[in-house]
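One structure is given below, encoded as structure tokens.
Values in this document were obtained by computation on a predicted structure and should not be read as measured data. The sequence lines fix the lettering, A, B, ..., with proteins before strands; numbering per chain opens at 1.
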Amino acid sequence: MCQLPSVYDVMIAEKPKAAEKIATALGSYSRCSIDGVPVYLLRAGGSDIVIVTSAGHLFGPDTRVRGLPVTEIRWAPLWQFDPRSRHLRRFYYVLSKVVPRARSFINACDYDIEGSTIGYMIIRNFGDPHRAKRMKFSSLTPTELRKAFVNMTPLDVSNSMAGMARAELDWLWGINVSRLLIRAYTKASGRWRSLSAGRVQTPTLAEAVRRWKEINTYVPMPRFSLRATLAYGSAEVQAVPKGWAPSTRSEAIAIAEGVKKGGYMTASRYQEQVLEVRPPPPFNLTDLQEEAARIYGLSPYRTQEIAEELYLAALISYPRTNSQRLPSTLNYSEVLNALASNPRYSSLIKRLVSETGGHLQPRQGEKDDPAHPAIYPTGERPERLDRDHERVYDLVVRRFLAAFAKSAMIARRSLLLTDVDGRAWVAEGEAVVREGWLAYYSFSRPAEKELSRVPQGSRLKVQKVVLSTLWPPSRVQLSRLALLRWMEANDLGTKGTRARIIETLYRRGFLRSGRARTEVTDLGYAVYRALSAVAKELTSVELTRSFEEQLEMVAEGRATKDAVVSKAKDYISSLVGSVLSKGLDVLGTELVTISEGGKGPRCKLCSRAAGPSGLCELHEEALMKLRATLPEVARALGVGKREALAEIAKRSTTGTWVKEVAKAILSGSLDWPEDQ
DNA sequence: GCAAGGTC
């Protein structure tokens with residue numbers, strides 16, 4: 001239990017870890033707890049301070065309205081209506097006991113609009129915004145926190161209003177359009193199903209659709225690769241064309257024969273270039289998710305879950321960060337010493353200390369985060385971790401060690417050659433000449449390849465020339481990781497929500513993991529089409545950009561939250577009204593004909609609704625691309641169109657719909673205008 | 001029940 005002073009100022013932190021850091025920074029404190037929620041007591045600036053904490057948002061928008069449209073928003077404690085927020089009840093209880101009795105209130109949540117809102121809502125519900133101040137800090141370091149305490153500013157109400165506006169706009173768009181989808185689906189199919197739309201998830205679905213179409217309508221263009229094996233003494237040298245490529249198969253064959261007949265190539269220049277490769281910066285969450293996916297195939301969401309568990313076990317620092325920078329206040333050698341007690345890292349750390357001579361200057365990245373530094377190991381010794389936790393932890397430790405190590409030195413060697421007809425060829429080699437950070441973080445080690453030094457003018461005997469026809473795969477990717485990268489590049493969602501929102505798309509059945517990659521389902525495509533027809537703004541990142549502009553106006557006091565929200569209410573109500581008044585037809589038709597079969601003509605190649613051509617628009621698009629590319633493929637291969645079509649139908653890199661179209665033409669079940 | 005944003 002806690003004995004509170006009779007007069008005190010209360011300081012509200014966003015999360016328990018921050019409360020602890022603030023307490024530590026401000027002086028010697030005593031800590032007690034109520035219901036397991038920590039409370040810190042200390043004297044600072046001549047008064048008694050009580051530090052209490054939330055655990056993220058404590059309040060959120062809710063409504064009693066069940067129908068459509070819904071414009072009534074009530075902010076309510078999350079634990080009262082959101083089953084996943086039940087843990088917040090204890091925090092709510094403690095805040096409701098400690099805050100009201102305070103003399104004044106300090107919002108010490110992270111300095112961003114979400115933090116401003118978290119603290120403001122607590123002060124508004126349990127205290128009094130007129131007797132409140134704001135602490136502004138950009139990191140949780142003692143110096144910064146002390147500075148923020150001395151330089152407190154008036155409560156930043158307009159930032160909180162911007163945060164509330166963000167929440168209300170997201171909620172209005174999300175709840176209304178989701179309900180509209182569900183209702184249309186239920187009406188058209190007679191079944192209930194959970195469907196959803198939102199400012200972040202719907203543009204992400206739209207991007208998945210774009211990529212899915214690209215991949216499935218992809219027609220590979222054959223490339224003819226030549227590889228000459230040359231002998232230099234007892235060494236073998238592999239040479240490939242330099243700066244040119246045969247454009248047809250017959251040309252490639254002629255060249256291969258000419259080179260073989262010529263018998264030798266002449267070395268024109270041997271070059272060696274040593275590249276300095278700096279260590280990668282310490283991890284932010286996205287980089288960690290990328291590496292865990294690349295190296296271990298972990299989904300971004302799984303990686304995030306694991307990182308959060310490692311954080312709660314005090315093994316690593318706060319993972320929901322954008323920063324690639326380690327705090328200068330962190331005692332690096334203390335962390336290294338602690339890590340060295342783990343036999344797994346002791347010899348690596350010994351090596352690191354000797355290589356750096358104890359001079360620990362980490363590589364810092366470009367990206368920063370106002371609230372948190374990059375992810376680093378605390379040095380705490382892990383007890384027992386399962387395989388995936390162990391892997392993620394190991395990545396964090398090694399990336400941390402690598403940050404202090406020297407650059408790697410990579411020698412790129414190349415040998416320029418000329419064949420008897422004067423064409424240029426090149427043989428390449430790569431070697432690690434100094435390991436540097438690669439010794440600590442070996443996941444990025446280049447594949448080494450030898451290349452002996454050959455003096456200029458030497459003749460190298462041609463042993464063989466191999467010609468292979470390549471059908472390069474589409475460069476477009478569709479996977480959880482690819483979508484995550486796209487979201488980050490477009491500033492969609494936040495570090496903490498991106499992976500989760502991607503999972504939502506899978507959970508709703510909009511996306512599905514196929515054999516090798518992700519696919520959009522018929523349902524996902526139907527939802528995308530339906531929304532393009534009735535709420536186009538939801539399908540693009542522009543809605544987020546327009547939110548950002550409006551929120552900035554609110555934060556700067558050039559617009560009020562109520563004005564912005566009420567405009568959105570009007571807009572969404574009329575959107576919902578117009579869809580409802582048309583009997584949900586547009587939505588329902590899209591949802592049902594595409595995902596369930598429905599009535600009307602079917603595509604000759606699948607069960608989707610067909611257009612006038614007898615094909616659905618996806619196979620139609622595949623047919624068009626095939627038509628545009630086929631002549632070029634046939635010319636490159638030196639064969640007729642029908643034979644080229646047979647080749648395309650066989651290739652594993654060909655897009656699925658293109659393959660289906662090609663097979664149908666070959667079997668005669670689909671007309672091919674070019675034949676007539 | 002539907003969003004997206006905090007964080008346990």
Checking A:D110, A:N107, A:D156 against A:S116 for side-chain hydrogen bond (donor to acceptor under 3.5 Å, both in side chains), the one that qualifies is A:D156
Donor-acceptor contacts under 3.5 Å from residues 371-380 of chain A side chains, at least two apart:
{"residue": "A:T378", "atom": "OG1", "partner": "A:A314", "partner atom": "O", "Å": "2.5"}
{"residue": "A:T378", "atom": "OG1", "partner": "A:L315", "partner atom": "O", "Å": "3.1"}
{"residue": "A:T378", "atom": "OG1", "partner": "A:E380", "partner atom": "N", "Å": "3.2"}

Under a 4.0 Å heavy-atom cutoff, the residues of residues 81-95 of chain A touching DNA chain B are A:H87, A:L88
Could you tell me if the ring centre of A:F126 sits under 6.0 Å from that of A:Y92? yes
So the salt bridge (charged side-chain N to carboxylate O under 4.0 Å, His left out) pairs with at least one residue in residues 310-324 of chain A (sequence neighbours excluded) are A:E308-A:R320
For A:D386, the side-chain contact (heavy atoms from CB on, under 4.5 Å) test, sequence neighbours excluded, returns A:D388, A:H389
Q.
What contact category does A:R66 fall into here, base, sugar-phosphate, or nothing, at under 4.0 angstrom with non-hydrogen atoms?
A. base
Residues passing the side-chain hydrogen bond (donor to acceptor under 3.5 Å, both in side chains) test with A:R381, sequence neighbours excluded, are none
Judged by nearest nucleotide, the residue sitting upstream toward the 5' end of DNA chain B, A:F59 or A:W192, is A:W192
- When we call it a touch if two heavy atoms are under 4.0 Å apart, what does A:S194 touch: a base, just sugar-phosphate, or nothing? sugar-phosphate
Note: contacts of residues 9-21 of chain A with DNA chain B (heavy atom, under 4.0 Å) are A:E14, A:K15, A:P16
Applying salt bridge (charged side-chain N to carboxylate O under 4.0 Å, His left out) to A:R485 and not counting sequence neighbours gives A:E290
Residue set satisfying salt bridge (charged side-chain N to carboxylate O under 4.0 Å, His left out) with A:E390, at least two apart, ordered chain then number -> A:R344
Residues passing the salt bridge (charged side-chain N to carboxylate O under 4.0 Å, His left out) test with A:K495, sequence neighbours excluded, are A:D369
*Name the nucleic acid region contacted by A:G493, choosing base, sugar-phosphate or nothing; use a 4.0 angstrom heavy-atom cut-off, strictly under.*
sugar-phosphate
Bounded by its outermost nucleotides with an atom under 4.0 Å from a heavy atom of chain A, the footprint on DNA chain B reads B:dG1 to B:dC8
Judged by nearest nucleotide, the residue sitting upstream toward the 5' end of DNA chain B, A:R498 or A:N176, is A:N176
Hits for side-chain contact (heavy atoms from CB on, under 4.5 Å) against A:R31, two or more places apart or cross-chain, chain-then-number order -> A:Y29, A:P38, A:Y40
inquiry  = Just to be sure I understand the rule, does A:L181 reach a base, reach only the sugar-phosphate, or reach nothing, if contact means heavy atoms closer than 4.0 Å?
reply    = nothing
Contacts satisfying salt bridge (charged side-chain N to carboxylate O under 4.0 Å, His left out) that involve residues 111-129 of chain A (not counting sequence neighbours) are A:E114-A:R166, A:D128-A:R131
